[in-house]
2 protein chains.
Amino acid sequence: MAAGRVTIIDVARETGISVSSVSVALRGEPGVSDATRSLVLAAADRLGYQPDRRARGLRERRSRVVGVTFGLHQTFHAALVESLYDAAAGQGLDLVLSATTPGRDVAAAVDSLRHERCDAVLLVSPDVDAATLAELGSRQPTVLVGSDLTAPGVDTVRADDDAGMALLVGHLLERGHRTISFVDGGDAAMGATRREGYRRAMRAHGLEREIDVLPGDPSEDAGVRAATMLLARHAPPSAVLAHNDMIATGLLLTLRSAGVAVPEGLAVAGYDDTRLGALSSIDVTTVSQEPARLAEEALRLALSRAEGRSAGEASVVVPPRLVIRSTT
Amino acid sequence: MAAGRVTIIDVARETGISVSSVSVALRGEPGVSDATRSLVLAAADRLGYQPDRRARGLRERRSRVVGVTFGLHQTFHAALVESLYDAAAGQGLDLVLSATTPGRDVAAAVDSLRHERCDAVLLVSPDVDAATLAELGSRQPTVLVGSDLTAPGVDTVRADDDAGMALLVGHLLERGHRTISFVDGGDAAMGATRREGYRRAMRAHGLEREIDVLPGDPSEDAGVRAATMLLARHAPPSAVLAHNDMIATGLLLTLRSAGVAVPEGLAVAGYDDTRLGALSSIDVTTVSQEPARLAEEALRLALSRAEGRSAGEASVVVPPRLVIRSTT
DNA sequence: TTGTAGGCGTTATCAC
DNA sequence: GTGATAACGCCTACAA
């Protein structure tokens, strides 16, 4: 009960050993006898001692904590955060999360992290303009994940979405589709890149005249709206690509409840390879951004920038992977 | 660029005013002349000064930060966290998030928060046993949200799921249903309560013999499996309640693709009133736990416990709200 | 191997 | 109204 107020001094008093020796013993550093160390460790455990990260960070001038902003309702962000936890554990780092919501923008999320004095901040596909990004990135080591924005001093890690769209278009062509529409992600992160990737891939196959971009945003509702539009057409396409899996899910649900067979009547593909799309009742063809890889690279860049080992801006681009499922 | 390393000392030097006066001026406390204050504020802004929360917390022995653990892939948790942000902003608090994932359990998430020395920790529908909860709750002020577990010194805020199930059963009875099955949530938070709430409501209407609990867990796939079982029956029920909206979604998708009309052939209802269930292509009848209300109560309890104004365990139960949509 | 003396950035106390 | 000073909990010298 009284724990959380246990300090290193309590451990020292309990063992009769000096504070500095306790500190050394606790951190597993050499410079203390085995007997002393086990004594200290036992006492710390008994007392429920947890080092105060604030005090440690204050003194060490670094916290080994990386802040992460992400969209609370974005399934891909969740996947990336999960990978970040895995990668962080492997590098002895801890993560602190700050979410963006419809009522809390990236700047607010980053501000909260700034107060916390993280060593670095990771922005997962943030919904910001270039000017804001530059402003945010100027205040602390910052790495952008899953976005192709750039700002001075801000590193970027992202998947090659241009290649990803080419994979999808190629796959659909192999399946015999030629009329392939695209549901847009609006001004979401990577929105323009995926849209242009789709256009480029279509042109590369001589399908310039079939290019068809439906308006949207990164939400299931956008998929629902797009499906409704398609159903109202007298000459719908034979396949639809979506900016992400959430949109694809909205598409699928609406199409199926309208009695359209997928993929026979209309093929559908998403993007991001999220849990949502992998559900057996969705099971949508998609492209993986390889979040584990993105997470690892992002933390690596964040650390080297935090330690001042970076100059200019690094940009890591990870190759995507096609995930074929039942909707194509 | 160099910001984030701007300290109160820099502001003092810049203005030629003492550190203590700068501190007072910055916090808007009385005890400093208006001229001094505006001088300080201007300099702080110019330098991009942000107080270091670690140092402040160290000194003040409280951080005005509340830690929150939540399931990264649970849609209801996301809704609750969003409400928590709103409520926290209203109370001058900041939130620090620590997620649980398949590879990171509640204990790990709480540990991370403990290092951070939050004033209190909120556990959103944690997946823990009573012993672990008691252990976690003994270390710092802890409030449980959306769970009916109990532990010494741990406050609880939750919706009245027993009443919620009664609302749903009552609603279905009004619609003329008598054979109402229930798809279980397994050992998820509130799993037992909802199952028993269903049973109790059925018994209250003399429908004890119609009680029918299908096994499940809080996932869409559980809904898919349950629907498959129902479809194989020669005497299926006329309505199905699900432990949550995700299960209900799995049910709906499977039923519809099997050609069952909803609600005519089979009525379906979920629980939690999540974004997923609100989609126009799902549009499932459900029960809201009133997350805004839960969030407010949770923070209130967290604060009073952090300030030592609590004794024993508080338990706040919020009345649920029926949300009728097209599936019933 | 162990103990002592700063100092990290802040705020509270107490002089002036 | 203003400014020195100590203390929060910890770690890194440096001294014993």
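Computation of the quantities below employed the complete heavy-atom set of this structure, encompassing side-chain atoms and omitting hydrogens, waters and symmetry-equivalent molecules. By convention in this document, chain letters (A, B, ...) are assigned in the order of the sequence lines, proteins followed by strands, and residues within each chain are numbered from 1.
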Axial bend angle, the helix from C:dT1-D:dA16 to C:dC16-D:dG1: five-pair end segments, nearest 10°: 50°
Side-chain ion pair, A:E307 and A:R309, N-O less than 4.0 Å: yes
Atom-pair distance (CG on B:L58; P on C:dC8), nearest Å: 14 Å
Minimal non-hydrogen separation, B:T75 against B:T274, with atom names: OG1-CG2, 3.5 Å
Donor on one side chain, acceptor on other, B:R158 and B:S315, under 3.5 Å: no
Straight-line distance of A:L93 CG to A:L303 CG, nearest 0.5 Å: 4.5 Å
Length of the line joining A:D52:CG and C:dG9:P, which is rounded to integer Å: 16 Å
Distance-only side-chain donor-acceptor flag, B:S23 / B:R27, under 3.5 Å: yes
Whole angstrom value for the distance that separates C1' of C:dT11 from OH of B:Y49: 10 Å
Check: B:T100 side chain, B:F70 main-chain N or O, donor-acceptor pair, under 3.5 Å: yes
Between the protein and nucleotides 12-16 of chain C, are there any N/O to N/O pairs under 3.5 Å, and if so, what are the atom names and distances?
| residue | atom | partner | partner atom | Å |
| --- | --- | --- | --- | --- |
| C:dA12 | OP2 | B:R27 | NH1 | 2.7 |
| C:dA12 | O4' | B:R59 | NH2 | 2.9 |

Sugar-phosphate, base or nothing in reach of A:G31, heavy atoms under 4.0 Å: base
Donor-acceptor pair, side chain of B:S20 and main chain of B:S18, under 3.5 angstrom: no
Residue pair B:V143 / B:T156, side-chain heavy-atom distance below 4.5 Å: no
Start and end of the DNA chain D segment that chain B contacts, any atom under 4.0 Å from a heavy atom: D:dG1 to D:dG9
Whole-Å gap separating C1' (C:dT1) and CG (A:L39): 14 Å
Polar contact flag, side-chain donor to acceptor under 3.5 angstrom, A:S219-B:R275: no
Nearest-angstrom distance from the residue atom CG of B:L47 to P of C:dG9: 14 Å
Spatial distance of atom OG1 (A:T15) from atom CG (A:L39) [nearest 0.5 Å]: 6.0 Å
Pairwise 5' ranking along DNA chain D for A:I9 and B:T36, keeping only the more 5' one: B:T36
Nucleotide C:dG9, atom P - distance to CZ of A:R117 in whole Å: 9 Å
For the student: nearest non-hydrogen atoms of B:S63 and B:R53, plus distance: O-CD, 4.3 Å
